[in-house]
Amino acid sequence: MSHTQVLGTGAYRPDNIVTNADMEKLVDTSDEWIQSRTGIKTRPMTIDENTSDLAYNAALNAMADANITAADLDLIIVATVTPDYQFPGVSQLLQKRLGCRPIPAFDINAACSGFIYALDIADKMLKSGTYKTALIIGAETLTKFADYDDRNTCVLFGDGAGAFVMGRSTENKIKSIITYANGDDQGYLKMDGYPLKVDFKTPKQARPFLEMNGQEVFKFATTVLPRIVKELLEDAKHTIDDIDIIIAHQANKRIIDKAAKTLKVDAHMMFSNIEHTGNTSAASVPLAIDEAIKTGRLKKGDRFITAAFGAGFTWGGAVIEL
Ligand code: UT7
């Protein structure tokens, strides 16, 4: 049976760095509140680069890391909730911009868990034998949908993109992948879509903003994150001692710390870069993994757990050996 592996990773963040002091000028907040409640100090916020620009640059970095060219790609999957357009998708814009021949390219929406879903789909499409090399990307410009009158949400988000090049392998490097959804019918975390027409009159479109009931989402996140880790360990027939590092979705440092306590693992095992990224939704996990690799926290041969949770509600994770 053929397996899959990560051949290379890449990341891209906009240059514009917004500090908590900058946020204090926009809403009634403080550096002390943001840092103590979330762990965030700064976040990259795009000014003139859209999601496909971030995704393109992350893709180039991952392809250079994997030592491949656009001609080697057989498949592109982009996880995003903030595409440049309703359609065409970011993935289709990338297929052209990267100079690929016609190949399957599609976007998926599973909010902050999107990259794990992309990993799951790519893993299975590669294992089917039809495709050899896949580019998967988590890319977001969530800050364009933040409501800068709402201090509960606008201080939380950042922009960026992270990418993997994946290929087939004779060794079992991706030990387990899980993905789940359980509908959020209360609308605890959502952004409105385009309204329906009434009597065929074009509705006046109010600009949609991201809305969140932080406390409810916090409860969900702190419950599900340890659950993901436990299920992955069981599925991969591993114990926590087989794992070098846990790289969770960077939504709040307190969520990560609480999971460490529940799982009874050393806080040092939980990677965190939220301090300088903020919450970048589907980009969060691949950005964090790339940073862990490029800063030497993750090395060839290391085994890590990645886990994500978000709107939907969705959640998922993977056990990966580099
Ligand atoms: O990526 C998808 C998944 N997302 C998440 O996992 C996010 C989960 N939720 C959270 O991380 C946290 O709930 C937040 C960081 C969003 C909020 O932290 P919290 O400790 O749950 O705060 P809270 O909503 O309970 O609000 C506490 C207080 C309130 O004031 P009062 O009512 O106690 O007077 C808020 O109005 O903090 C106030 N507050 C702020 N104060 C200063 C809320 N936002 C701010 C702010 N600056 N930016």
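Nothing here was measured: the structure is a model prediction, and the numbers come from that model. Whatever order the structure lists ligands and atoms in, that order sets their numbers, starting from 1.
With respect to Asp28 and Arg151, a salt bridge is recorded, a charged nitrogen being found less than 4.0 Å from a carboxylate O. Comment: Asp53 engages Arg97 in a salt bridge, judged by a side-chain N to carboxylate O separation of less than 4.0 angstrom. Ion pair Asp302/Lys300 not flagged as a salt bridge, since none of the NZ, NE, NH1 or NH2 atoms sits closer than 4.0 Å to an Asp/Glu carboxylate oxygen.
Heavy atoms of Met23 found under 4.0 angstrom from ligand 1: none, in either backbone or side chain. For Leu189, every heavy-atom contact with ligand 1 shorter than 4.0 Å involves the side chain, none the backbone. Residue Phe218 touches ligand 1 through backbone and side chain together, judged by heavy-atom distances below 4.0 Å. The side chain of Ile255, and not its backbone, has at least one atom closer than 4.0 Å to an atom of ligand 1 (non-hydrogen atoms only; side chain from C-beta on). Only the side chain of Thr38 comes within contact range of ligand 1, with a heavy atom under 4.0 Å; no backbone atom does.
Counting the atoms of ligand 1 from 1 in the order shown, those under 4.0 Å from a heavy atom of Phe309 are 6 (O). Of all atoms in ligand 1, numbered sequentially from 1 with element shown, those under 4.0 Å from a heavy atom of His249 are 1 (O), 2 (C). The contact set between ligand 1 and Gln215, taken as ligand atoms under 4.0 Å from a residue heavy atom, comprises 13 (O), 21 (O), 23 (P), 25 (O). Ligand-side atoms of ligand 1 in range of Cys112: 1 (O), 2 (C), range being under 4.0 angstrom from any heavy atom. Less than 4.0 angstrom separates some heavy atom of Arg37 from each of these atoms of ligand 1: 19 (P), 20 (O), 22 (O), 27 (C). Residue Asn279 has at least one heavy-atom neighbour below 4.0 Å for each of these atoms of ligand 1: 1 (O), 2 (C). Interface of Arg254 with ligand 1, defined as ligand atoms under 4.0 Å from a residue heavy atom, comprises 18 (O), 19 (P), 20 (O).
Comparing Leu26, Thr153, Asn252 against atom 15 (C) of ligand 1, the shortest heavy-atom distance belongs to Asn252. The heavy atom nearest to atom 46 (C) of ligand 1, out of those in Thr29, Val224, Asn213, is found in Thr29.
Side-chain contact check for Thr141 and Thr51: at least one donor-acceptor pair (N or O, by modelled atom type) lies under 3.5 Å.
Here the CG-OG1 distance, from Asp22 to Thr42, works out to 10.0 Å after rounding to the nearest 0.5 Å. Note that the CE atom of Met270 and the CG atom of Asp266 stand 10.5 Å from one another [nearest 0.5 Å]. The distance from the CG atom of Asp107 to the CG atom of Asp84 is 9.0 Å, given to the nearest 0.5 Å. For the atom pair CD1 (Ile305) and CG (Asp242), the distance works out to 9.5 Å, reported to the nearest 0.5 Å. Atom CE in Met166 sits 5.5 Å away from atom CG in Leu126 (nearest 0.5 Å).
The backbone N or O of Asn57 lies less than 3.5 Å from a partner atom in the side chain of Asn61, making a donor-acceptor pair. The backbone N or O of Glu234 sits nowhere less than 3.5 Å from a side-chain atom of Lys237 that would complete a donor-acceptor pair.
At a distance under 4.0 Å, no protein heavy atom can be found next to atom 34 (O) of ligand 1. Within a 4.0 Å radius of atom 29 (C) of ligand 1, the protein has no heavy atom. Contact annotation for atom 18 (O) of ligand 1: protein present (non-hydrogen atoms, distance under 4.0 Å). Under the 4.0 angstrom criterion, atom 22 (O) of ligand 1 counts as having a protein heavy-atom contact.
Contact between Phe220 and ligand 1 is absent, with no heavy atom of the residue lying under 4.0 Å from the ligand. Look at Val155 and you'll find a heavy atom under 4.0 Å from some atom of ligand 1.
Distance from atom 3 (C) of ligand 1 to its nearest protein heavy atom, with residue and atom name: Val217 CG1, 3.6 Å. Atom 9 (N) of ligand 1 has its closest protein heavy atom at Gly214 O, 3.0 Å. If you check which protein heavy atom lies closest to atom 37 (O) of ligand 1, you get Trp33 NE1, 3.1 Å. Among protein heavy atoms, the minimum distance from atom 48 (N) of ligand 1 is reached at Arg151 O, 2.9 Å.
For Ser30, no nitrogen or oxygen atom sits less than 3.5 Å from a nitrogen or oxygen atom of ligand 1, counting backbone and side chain alike.
Under the ring pair (Phe, Tyr, Trp, His ring centres under 6.0 Å) criterion, no residue pair touches residues 73-95, with sequence neighbours excluded. Residues in residues 108-158 take part in these ring pair (Phe, Tyr, Trp, His ring centres under 6.0 Å) pairs, two or more places apart or across chains: Phe115-Phe164.
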Which is it for Tyr188 and Phe220 under the side-chain contact (heavy atoms from CB on, under 4.5 Å) test, yes or no, and what are the steps along the way? CA-CA 10 Å; Tyr188 287 140; Phe220 159 69; over 6 Å; no

